[in-house]
Amino acid sequence: MEYVIEMLNIRKVFGTFVANDNITLQVKKGEIHALLGENGAGKSTLMNVLFGLYQPDGGEIRVKGNPVRITDPNVANDLGIGMVHQHFMLVDTFTVTENIILGSEPTRVGTIDMKRAEREVRELSERYGLAVDPTAKIADISVGMQQRVEILKTLYRGADILIFDEPTAVLTPQEIRELMQIMRTLVREGKSIILITHKLKEIMEVCDRVTVIRRGKGIATLNVAETNPNELAALMVGREVQFTTAKKPAEPGKPVLEIKDLVVKDARGIKAVNGLNLTVHAGEIVGIAGVDGNGQTELIEAITGLIKAESGTIRLNGRDITNLPPRKIIEAGVGHIPQDRHKHGLVLDFPIGENMVLQTYYQPPYSKRGLLNFQAIYEKARQLIREFDVRTPDEYTKARALSGGNQQKAIIGREVDRDPDLLIAAQPTRGLDVGAIEFIHKRLIEQRDRGKAVLLVSFELDEVMNVSDRIAVIYEGNIVAIVDPKETTEQELGLLMAGSKRKEAGVS
Amino acid sequence: GGQGGNNAGGGKDTFSVAMVTDVGGIDDKSFNQSAWEGLQKFGKDNGLEKGRGGYDYLQSSSDTDYATNLNKLVRSDFDLIFGIGYLMGDAVKEVAKQNPKKHFAIVDTVVDEPNVASITFKEHEGSFLVGVVAGLMTKTNKIGFVGGMEIPLIEKFESGFRAGVKAVNPKATVEVQYAGAFDQADKGKAIASSMYASGIDIIYHAAGATGNGVFSEAKDLKKKDPNREIWVIGVDKDQAPEGELKVGGKTYNVTLTSMVKRVDVAVYDTAKRAKEGDFPGGKTIEYGLPENGVGIAPTQDNIPENVLKTVDEWKQKIIKGEVKVPTNRKEYEQFAATIK
Amino acid sequence: MSVYDVLQTIVPTTIFFAAPLIFTALGGVFSERSGVVNIGLEGLMTIGAFVGIVFNLTFADRFGEWTPWLALLAAMVVGAVFSLLHAVASVTFRADQVVSGVAINFLALGLSLFLVKKMYGKGQTDQIQVGFDKIDVPVLSDIPVIGPLLFSNAYAPSYIAIALAFVSWYVIYKTPFGLRLRAVGEHPMAADTMGIHVAKMRYIAVMISGALGGLGGAVYATIISRDFSHATISGHGFMALAAMIFGKWHPIGAMGAALFFGLAQSLSIVGQTIPFLKNVPTVYLLIAPYALTILALAGFIGRAEAPKAAGTPYIKGKR
Amino acid sequence: MKSNRLQQFLIPLLAVLLGMIAGSIVMLASGYNPIAGFYALVYGAFGDTYYIGETIRQTTPYILTGLAVAFAFRTGLFNIGVEGQLIVGWLAAVWVGVSFDLPKIIHLPLALLAAALAGALWGLIPGVLKAYLKVHEVIITIMMNYIALHVTNAIIRSVLSDEGFKSKPVKESASLHSDFFDAITHHSTMHYGIFIAVAAAFVMWFLLERTTKGFELRAVGFNQHASQYAGMNVRANIILAMVISGAFAGVAGAMEGLGTFGNISTKAGFTGLGFDGIAVALIGGNNAFGILLSALLFGALKVGALEMPSSAGVPTELVDIIIALIIFFVASSYMIRWLLSRWQKGAE
Ligand SMILES: Nc1ncnc2c1ncn2[C@@H]1O[C@H](COP(=O)(O)OP(=O)(O)OP(=O)(O)O)[C@@H](O)[C@H]1O
Ligand SMILES: Nc1ncnc2c1ncn2[C@@H]1O[C@H](COP(=O)(O)OP(=O)(O)OP(=O)(O)O)[C@@H](O)[C@H]1O
Ligand SMILES: [Mg+2]
Ligand SMILES: [Mg+2]
């Protein structure tokens, strides 16, 4: 069988750190080839080498049998290689079409021929089943839609080898299913795909072969048909991994969070949360399941005081905290692991140590008479770094320099350590590898077992089903059903999330 | 070479004199330049060389430099040191107090120290004369005055000018505008544009580089329509060169005349007196019409004979003390009341 | 004074005040749209004014009536070359763009005055003899009412400035170059992955800003001050910067903002002649243009979003 | 870590050196003797106690304007309005200085406080507009500069003056004048303000690095979103940052009003101290200690430059060129770092 891509003994060094240590990856024509590895294993680096963003320090690349030197993305484009990046490479203020044609714009007398471009984009999207509105602004469309734009960008340039770097991390289950479908279509059309993902289920579902790397080294390449998730996980992490975190039954206590008839408007003035009712008790994890954009963000921001509630009440331990300033709410006992860790979770230019006291810096022992007590701050930081296994050179390192997983661990450490009565965790494991996910789930359950209330918002049905004690399904700003994870199925949840069936009972 | 140092000034048998300019520098086409011209002339007439021990100047690049520059000259052992411009008053006072044995002179303001000679000008008298010219020569009976900053010094120009106009042509109005700065040519041009558009045909400016804009506007209008009667009256120096323009091979000049302020004369005189041992320390010397310290510029091509004659009559009246020219708005009001 | 008379002074003044600001602000738009903050506009105007005047003085005899036009061209070329310093520092050497811009301002003023002293032996040049004429635009100036207001007694460069705003809009929003320019300023990495040379685009953009800033300075000096000294460009570049931000980094917006500044300035001048304002202390009229701008921004313009990547050097491979 | 520290010092130093070398080339190319030029420059700045006094006097306001710009930078704001804040601070200090008769121990601090408050007020307006309406602080501060200039001139003219263009001298009880410095520096205008400026640098360092409020201000400066999530009041902090920055600038004005000049005159244009403050802050790495050094560098260059025309025939503008080049080299520290690493590699 002929390989379309051969990366032979690729080596990439950053300073003294070997990110890719003689990795070999061979992709056959028409296959979906998975690239699997822990956070920081070197997957993105390898793909960036293939796409011409990095120059390898050793090894050889062959495309369709010919040795090539890919000096920049233009060369990759010319070789038919397209990449859908882990962090989207889209210009927010541009339309879908503008993003797609950027760099190879059709023109008429020096002017961009926008009509023709839109027509071409529409044709392309129809051909591959990638429904997008060519004239919509990127900032206005959903993440799943944005990803389709990324795919269209590569197709527009005639790519026949597509690299997907963690495409599903940011997608809802529905969108993931659609993406799988799209990938199958693409392969049928003769394209080859390299897929990076941390979700073993996805690999099992769509991939033909899988290459596992660990700490920059290639470990194995297997036929998916001949392996199973446990083996893959073990290969990747180097030890056995539990997929479902063991937990004892919940012992719910008094209500901690009580939301009554909550109405919250979003930035555009539309009622994103519309008369929502929800109660979370001490000692339980309530998972919010729902398709992105059904009011999850607004719900969290209203609870934490970041946006104003129009009407309704939010009570914490019986006390009305509706529309209090964020600090008062934090002090009342709310912890928050935000969805966007870079934007909301950390001050990336602060040392990791100072990030550990971002909410508590003004309280003793970190502050005395208006002065910071750095000894206490860094003492605390060292303790959290140890307890939560945050991999960082030291506590003075800027948060920016940490990997995503370690940044997330730092945030979780900080929030859990404050011992809040209510912990809100929004997408806490997005983009993390199985090992890290296992760690974080354990911590959430630990909190529950210590008698705290946990509100988990996640688009991962697996996660919601594994971790939650109760699942509240949110649809169009309302809780439309409360279900017991042990008594429901993904299908049922999916239907509820799509708003097709309303369960009147059990809304508490 | 790097021969700096304090004792380089060496043996001193000749009289040496220097000045500190304000930020305008010695080529500001205004009082700094004029002062330097006076000093140069004095130097040449007395066989001095430029530099230490002869005649020299230092330029200030901001008002914090005044004292430093004055002190530099003190330390270079100049016999007489001029501060040019009213802004330098405080610095001269300070440095003069610290060096009671040295001689200083200040232009445009009064410093009350025994070793400082203060030189002021009766700008109002000169402005009165150009006001007479404007009053007699306006066709529209609308005249403009553009001031730099609204300070007492410029008010002297304004009041004298208005009095001159009033004296010979009570029907004429004088539109007064201040640009708020001496260095905003765009503002000067815009003011001129609005004035000329409203029918004003003569503008007297006392606005430094802001006045460049006035000339620019006048020349552009003249160029467009050479038959239009449009005039600028310059200030401080003879600004005839600024008004020159060519249209279709023919040369025109929009400068009607200028009110000159002979800082050069004053500087020369003071230096001379100091050299001759007659330094007027502690005194204020006012240069007015009798002293030829202010007056109407030598370039008078655009002014008819009869107007010049009237100007001369007024000049004599002022010199004789028959007319007292107002120096501020209040005095002007009183003056205007006597006309009607 | 009738309303029409007032307009007749205000409108032409507004336009001539605005023209140098429009050119320069457009330059700023190009530069910042590409992601390079350009606080050096003041310096670029200074260089332009210097070159415009020196060229004019030197070659007026040879080129006659063409001199001012050629002087503008020369100012653009030198401005573009001079701005290369900013480009090299902030694109290639990843300098803090604000710092580099500040350096441009210092260097421009120091260098041009230094050269003036070297060349003329004094701190300011002579007055130029050949400037731009006031023109009446044929046909258009005969239109009743608006003809005399908009098309009489004006300078050709003013119209060019306004036209150039529209040309810039077209270039930035309708051509591949513009699309790439904006992409580089919003998300340079995205542009890079699409095969666009980020550095090259930024160099070009900065040089355009140099050319237009130079042009703005030269227009100012040629039409308004007619000589060059330390005071020729005093704060106009910063006003252009303000116009660019006020106009939300949009060419037409920048032009509108520049015209607004011009209007505010000319109102403050005309205000001194309007009878009922005559007794208002001058200071109110002097600060009116600036206070009006603040009110306008606070009142109805509000927030403006800079191009996202503006101010950050692009380093390949860095997230 | 250690080599980083070293580089932090080395880079500005090398930048200054490269700037001087480039300045020499300019002098050579235009026919001046660079050795004479630099000799004059250094002599004019440090040649004897008088010049040292003048250099320190010039350094004093530079420290404060540098701090003002840096404080804003460190809290995520760009304050181009230091110039205007300085002018109103100057006015307020003089106003208090001439209007009261109080014991020095009350009068002087009161005048300084008035200056700080005036500067703070001038910073408050752009701060509030930024915090509540998201109006870009750069435009507002530029506009506020002009307003400060004209309003101050009008007040001097109509309220404060006896002669129409300048105020009376401030009372002895509000003056920073120092007989001691006067005596040891041969009548330079150096005054006690330098102590205030150095103390202000310490205050800025302490405030930002050691206090709880400083933590908040820096956090908001780096990431408003995360700060808001962490319960900080973003708006209040933006306003506070502008107010403090303005207060530093206002005190810079007091240095001029109570120290160098002892009064205030109508201004034909900006003092330039505020704009130069941007460069001082940036060369000083926006850090309090660095600003002390870069202000001294600026002060020395500016004062030393005055000696260049008379004793070396070099125009003072050359110093602007050198300053610009130094700023370029500081800005392009990446280049210097790259050269250093090259050089280190070569040495290994
Ligand atoms: N530009 C860089 N400079 C220095 N080191 C880098 C750089 N990029 C990546 N690395 C190093 O290479 C390692 C591999 O990074 P890479 O992004 O390839 O990981 P990954 O496998 O894609 O991880 P994830 O699953 O989190 O996406 C990182 O842990 C980091 O230490
Ligand atoms: N430009 C860079 N210089 C130095 N180190 C870098 C750079 N870019 C990335 N790194 C390193 O890369 C690592 C982060 O890579 P990693 O791929 O593990 O993060 P991630 O999990 O992909 O993060 P994300 O949450 O964004 O997906 C860090 O260890 C960091 O030190
Ligand atoms: Mg990755
Ligand atoms: Mg990742």
Side-chain angles (χ1 to χ4, degrees), chain C residues 39 43 85-86 88-90 92-118 123 230-231 234-235 238-239 241-246 257 281-284 286-287 289-294 297-299 301-306 313, chain D residues 26 30-31 73 78 80 125-126 128-130 132-136 138-151 153-155 157-158 268-270 275-276 278-279 281-283 309 314-336 338:
Chain C
I39 195 175
L85 276 174
H86 186 45
V88 171
S90 53
T92 306
F93 292 138
R94 303 176 191 174
D96 184 315
Q97 296 168 4
V98 172
V99 186
S100 168
V102 168
I104 287 279
N105 290 339
F106 271 95
L107 189 61
L109 191 62
L111 193 65
S112 51
L113 285 180
F114 183 81
L115 290 175
V116 165
K117 284 204 175 152
K118 264 318 287 180
H230 71 104
S234 53
F238 286 106
M239 289 302 279
L241 184 78
M244 177 199 72
I245 299 174
F246 195 168
T282 334
V283 58
Y284 292 109
L286 289 175
I287 64 171
Y290 314 106
L292 275 178
T293 303
I294 293 179
L297 280 162
I301 309 286
R303 79 181 303 168
E305 293 277 0
Chain D
V26 174
S30 41
F73 263 127
F78 189 13
I80 307 197
I125 296 167
V128 167
L129 290 176
K130 166 109 182 168
Y132 283 91
L133 300 171
K134 304 232 154 79
V135 183
H136 206 300
V138 164
I139 325 183
I140 303 293
T141 51
I142 290 176
M143 300 297 144
M144 295 292 289
N145 283 341
Y146 288 98
I147 296 179
L149 183 67
H150 291 303
V151 168
N153 281 346
I155 291 178
R157 222 169 15 240
S158 55
F270 292 122
F275 298 115
D276 290 355
I278 300 174
L282 297 169
I283 292 185
V314 181
T316 47
E317 282 74 22
L318 190 86
V319 164
D320 285 327
I321 298 178
I322 293 176
I323 290 177
L325 294 170
I326 292 175
I327 303 174
F328 264 122
F329 287 118
V330 169
S332 307
S333 61
Y334 169 76
M335 178 185 76
I336 298 181
W338 182 79

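Atom set for the values below is all heavy atoms of this structure, side chains included, hydrogens, waters and symmetry mates excluded. The chains referred to below are lettered A, B, ... by the order of the sequence lines, with proteins before strands, and numbering in each begins at 1.
In terms of heavy-atom proximity, C/V283 sits nearest to D/H150 at CG2-O, 3.5 Å. D/M143 and C/A242 make their closest contact through CE-CB, 3.8 Å (heavy atoms, listed as atom of the first residue, atom of the second, distance). What you find for D/I147 and C/A291 is that their closest heavy atoms are CD1-N, 3.9 Å. Here the closest non-hydrogen pair linking C/I294 and D/L129 is CG2-CD1, 3.7 Å. Across all non-hydrogen atoms, the minimal contact from D/Y146 to C/S234 is OH-O, 3.9 Å. Considering every non-hydrogen atom in both C/A298 and D/L133, the closest pair reads O-CD1, 3.5 Å.
Neither the backbone nor the side chain of D/Y132 comes within contact range of chain C, judged by heavy atoms closer than 4.5 Å. Only the side chain of D/I80 comes within contact range of chain C, with heavy atoms under 4.5 Å apart. Proximity to chain D is limited to the backbone of C/T92, based on heavy atoms less than 4.5 angstrom apart. Heavy atoms closer than 4.5 Å to chain D are found in both the backbone and the side chain of C/I104. Heavy-atom distances place the side chain of D/F73, and not its backbone, under 4.5 Å from chain C. Only the side chain of D/I323 comes within contact range of chain C, judged by heavy atoms closer than 4.5 Å. Neither the backbone nor the side chain of D/N153 comes within contact range of chain C; no heavy atoms are under 4.5 Å apart.
Atoms CZ and CZ, on D/F270 and C/F238 in that order, are 10.0 Å from each other to the nearest 0.5 Å. A distance of 12.0 Å separates CG of D/L318 from CG of C/L113, quoted to the nearest 0.5 Å. Taken to the nearest 0.5 Å, the CG atom of C/N105 stands 9.0 Å off from the CD1 atom of D/I327. Atom CZ of C/F246 sits about 12.5 Å away from atom CD1 of D/I142, to the nearest 0.5 Å.
Options C/K118, C/H86, C/H230, C/R94 differ in how many heavy-atom pairs under 4.5 Å they form with chain D, and the most are formed by C/R94. Listed options D/I326, D/T316, D/V151 were ranked by heavy-atom pairs under 4.5 angstrom with chain C; first place goes to D/V151. With chain D as partner, the option from C/T293, C/L286, C/L241 having the largest number of non-hydrogen pairs under 4.5 angstrom is C/L286. For chain C, the option among D/N145, D/D320, D/I322, D/V330 with the highest count of heavy-atom pairs below 4.5 Å is D/D320.
When the shell of 6.0 Å around OH of C/Y284 is examined, it contains 12 or fewer heavy atoms from other residues, nucleotides or ligands.
A distance-only check finds no donor-acceptor pair linking the side chain of C/K117 to the backbone of D/P315 [under 3.5 Å].
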